**Student:** 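Quick one: this structure, given as structure tokens, is what I'll be asking you about.
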Amino acid sequence: MTERKRQRASDTNQQRAADTTQQPPETAAQRAGEKRRAVGRPAGGGKSGGKSSGGHSQSLVRGLTILEVLAAAPNGLALSEAADAVGLAPSTAHRLLQALHQQGFITQDGTNGLWRIDVKTFRIGNSFLEARDFVATARPFLRRLTALSGETANLGIRDDGMVVYLAQSESQQMMRMITRLGSRAPLHASGVGKALLAWMPEPEFERIMGGRVLEGETPNTLTDLPTLRAQLETIRRQGYAVDREEHAIGLNCVAATLHDESGLPLAAISVSGPVARIDDSRLPELAALVADTAREITARLGGKTPSEPPA
């Protein structure tokens with residue numbers, strides 16, 4: 001090889017080395033990105049991608065929060081009111097309202113500019129109400145009631161003037177209350193029945209109980225309407241009903257109501273057992289347990305516990 005060729009080859013190698021040494025960092029990053037894409041991973045999957053995802057999640061949470069606020073305001077809210085309610089700047093709230101409006105979840109009154117939930121939101125909520133199974137929802141709570149109280153827990157609904165028992169968690173005690181599923185008891189002569197009556201709208205109460213003869217199941221059954229009405233007021237005030245041997249001698253019961261989304265009585269749960277174990281000294285403890293459990297189930301079902309019977 002001539003001296004000139006050797007010099008040219010040396011110059012070429014030095015240039016290649018310089019090119020490699022001076023390669024900018026971003027080119028290496030780009031190559032890494034190309035390699036990730038080649039195996040199916042998206043480019044930009046590092047920290048910047050996380051920020052973008054977090055931003056979308058934040059917008060979703062804010063939008064759902066605004067939807068929740070509007071759902072609680074049947075008369076609608078102005079932009080400033082909605083923004084204040086969720087703690088956002090009016091410009092941010094307006095963008096979210098516009099997005100919800102475009103998707104059909106909310107509407108704006110063209111006269112006063114107030115925002116309200118629209119029919120699409122109602123349809124989504126209604127699908128939940130149609131799909132809910134309060135018996136299945138209540139079963140684990142009934143088992144918990146039995147575990148905590150040691151007594152049989154029941155769930156019943158109203159069928160005209162009677163209670164129908166649909167679910168039960170049976171006590172393991174030798175002496176215990178057992179009710180065949182599908183069996184019935186008069187509304188006025190059972191804890192579950194009185195819990196349901198207490199929250200019944202007055203027109204419905206009159207239709208069902210007004211002309212009915214209140215027959216005595218035991219000597220302790222309430223058989224006159226004014227006395228029953230007075231006790232129902234007490235049940236509403238204290239949040240639970242008590243059956244003191246009114247359906248069966250030797251058996252006491254504490255019950256509380258499950259309410260639907262309108263505050264109407266949907267069903268009722270109870271804890272029942274022999275008087276020897278459920279006496280007056282134990283009633284406050286069991287009453288608090290049953291009432292708290294009824295509120296939990298009501299909330300799980302999307303219902304609300306009212307302070308007064310629905311009109």
Side-chain angles (χ1 to χ4, degrees), residues 42 49-141 155 157-158 196 198-205 207 236 256-268 293-311:
K51 289 178 182 177
S52 175
S53 175
H56 290 311
S57 298
Q58 187 181 55
S59 295
L60 177 61
V61 170
R62 287 173 169 177
L64 292 173
T65 304
I66 286 182
L67 199 60
E68 202 171 12
V69 167
L70 292 177
N75 294 324
L77 293 175
L79 170 60
S80 59
E81 293 172 322
D84 287 344
V86 295
L88 294 176
S91 58
T92 303
H94 187 259
R95 286 197 299 271
L96 294 170
L97 288 167
Q98 288 289 353
L100 290 168
H101 181 255
Q102 289 170 8
Q103 294 300 315
F105 290 106
I106 63 176
T107 186
Q108 186 178 27
D109 191 309
T111 303
N112 54 29
L114 297 180
W115 294 91
R116 297 183 179 88
I117 60 169
D118 206 355
V119 66
K120 191 172 183 179
T121 303
F122 170 78
R123 285 200 300 266
I124 292 174
N126 199 48
S127 67
F128 163 73
L129 298 178
E130 291 173 354
R132 70 183 174 187
D133 181 347
F134 65 85
V135 176
T137 300
R139 280 198 178 101
F141 291 94
L155 179 142
I157 61 170
R158 179 180 68 82
L196 292 169
W199 298 102
M200 192 178 292
E202 182 60 27
E204 190 173 7
F205 181 91
R207 180 181 65 81
R236 287 193 293 271
T257 316
L258 310 183
H259 298 272
D260 68 11
E261 68 283 356
S262 300
L264 293 168
L266 178 67
T293 303
R295 283 190 288 270
E296 280 189 76
I297 301 173
T298 293
R300 183 69 61 87
L301 294 169
K304 63 178 182 180
T305 303
S307 55
E308 294 291 337

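Owing to the predicted nature of the structure, the values given are computational and were not obtained by experimental measurement.
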**Student:** Does anything in residues 91-109 form a salt bridge (Lys or Arg N to Asp or Glu O under 4.0 Å)? List the pairs, not counting sequence neighbours.
**Tutor:** D109-R116

**Student:** Quick check against the 3.5 Å criterion: does E204 have a side-chain atom that pairs as donor or acceptor with the backbone of P201?
**Tutor:** no

**Student:** Between L155 and L258, is any pair of side-chain heavy atoms under 4.5 Å apart?
**Tutor:** yes

**Student:** On a heavy-atom basis, which atom in L196 and which in R158 lie closest, and how many Å separate them?
**Tutor:** CD1-N, 3.7 Å

**Student:** So, for A294 and A256, which heavy atoms are closest and what is the spacing to 0.1 Å?
**Tutor:** CB-CB, 3.6 Å

**Student:** Looking only at non-hydrogen atoms, find the nearest pair between G104 and D118 and report the distance.
**Tutor:** O-CB, 3.5 Å

**Student:** Does the side chain to side chain contact (heavy atoms under 4.5 Å, CB included) test come out yes or no for D260 and L301, once each step is laid out?
**Tutor:** CA-CA 7 Å; D260 68 11; L301 294 169; over 6 Å; no

**Student:** If I compare all heavy atoms of I106 with all of L97, which pair ends up nearest, and what's the gap?
**Tutor:** CD1-O, 3.3 Å

**Student:** Could you measure the distance from the CG atom of L88 to the CG atom of L79? Nearest 0.5 Å is fine.
**Tutor:** 10.5 Å

**Student:** Taking all heavy atoms of P265 and all of T257, pick out the closest pair and write down the distance.
**Tutor:** CB-CG2, 3.8 Å

**Student:** How many angstroms lie between atom CD of Q108 and atom CD of Q98, to the nearest 0.5 angstrom?
**Tutor:** 7.0 Å

**Student:** Verify the neighbour count for atom CD of E68: are there more than 12 heavy atoms of other residues, nucleotides or ligands below 6.0 Å?
**Tutor:** no

**Student:** For H259 and K304, work out which heavy atoms get closest and say how close.
**Tutor:** CB-O, 3.1 Å

**Student:** Taking the side chain as every heavy atom from C-beta outward, state whether F105 and L70 have any atom pair closer than 4.5 Å.
**Tutor:** no

